[in-house]
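I have placed the structure first, in the form of structure tokens, so that the comments after it can refer back to it.
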Amino acid sequence: MASIAFLASVALTACNTAPSSKAPMAQSQASPATTMNGMLVGPNQMTLYVFDRDAVGSGKSVCNGGCATNWPPLMAPAGAKPIGDWSVITRDDGATQWAYKGRPLYFWAKDSRPGDATGEGVGNVWRLARP
């Protein structure tokens, strides 16, 4: 009888200490960017930009190859799901990227520290991403 009580106790403990499936879900539901000084910034606090040549809501980025070297996309992790105004697009190479209100988001390679916004107006087609 004591061994049955012991086994039941171990089984209950195992059930109560099993990893929670809620932790990864909550983490994956976090916003991919925040607002700082009226601009959207990535998790690294670097300024985010939008590209006028991307068609809003198309689910596509036209900034690929060398463009994406200078304007690295705000990448979305595998399995990322839309969250409010945030959506996930699939790039030409199959990778996923975050978009805000239908506009793909990018960093500017020449910004060197948080708060830099040197990409604003480059080529008259790059704009600060704003909430």
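FYI, the numbering just counts along the sequence from 1. If you're wondering where the values come from, they're calculated on a predicted model, not measured in any experiment.
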So which heavy atom on [X] is nearest to which on [Y], and how close?
X    : Y    : value
A99  : G102 : CB-C, 4.2 Å
G115 : M39  : O-CE, 4.4 Å
A109 : P72  : N-CD, 4.1 Å
W126 : G119 : CB-O, 3.6 Å
P43  : P32  : CD-O, 3.4 Å
P131 : T35  : CG-OG1, 3.7 Å

Report the distance from atom [atom1] of [X] to atom [atom2] of [Y], rounding to the nearest 0.5 Å.
X    : Y    : atom1 : atom2 : answer
S87  : R103 : OG    : CZ    : 12.0 Å
F51  : Y106 : CZ    : OH    : 7.0 Å
M46  : M36  : CE    : CE    : 9.5 Å
M75  : Q97  : CE    : CD    : 6.5 Å
T118 : Y49  : OG1   : OH    : 5.0 Å

Looking at [X] and [Y], would you say the former's side chain and the latter's main chain have a donor-acceptor pair under 3.5 Å?
X    : Y    : result
D85  : Y100 : no
R130 : L40  : no
T47  : V41  : no
S61  : P104 : no
Q45  : P114 : no

Is there a side-chain contact between [X] and [Y], using heavy atoms and a 4.5 Å cut-off?
X    : Y   : result
W98  : I83 : yes
L105 : V50 : yes
K60  : D54 : no

What do you reckon, is CG of N37 surrounded by more than 12 foreign heavy atoms closer than 6.0 Å?
->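 No, not enclosed.
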
Output field: ring centroids W108/W71 closer than 6.0 Å |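 Ring centroids of W108 and W71 are less than 6.0 Å from each other.
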
Test side-chain contact (heavy atoms from CB on, under 4.5 Å) applied to L74 and L48, step by step = CA-CA 8 Å; L74 174 60; L48 290 166; 3.8 Å; yes

Scan for disulfide (SG to SG under 2.5 Å) pairs involving residues 63-127, sequence neighbours excluded, and state none if there are none.
-> C63-C67

Short N-O contact, D52 and R127, less than 4.0 angstrom |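 Yes, D52 and R127 are salt-bridged.
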
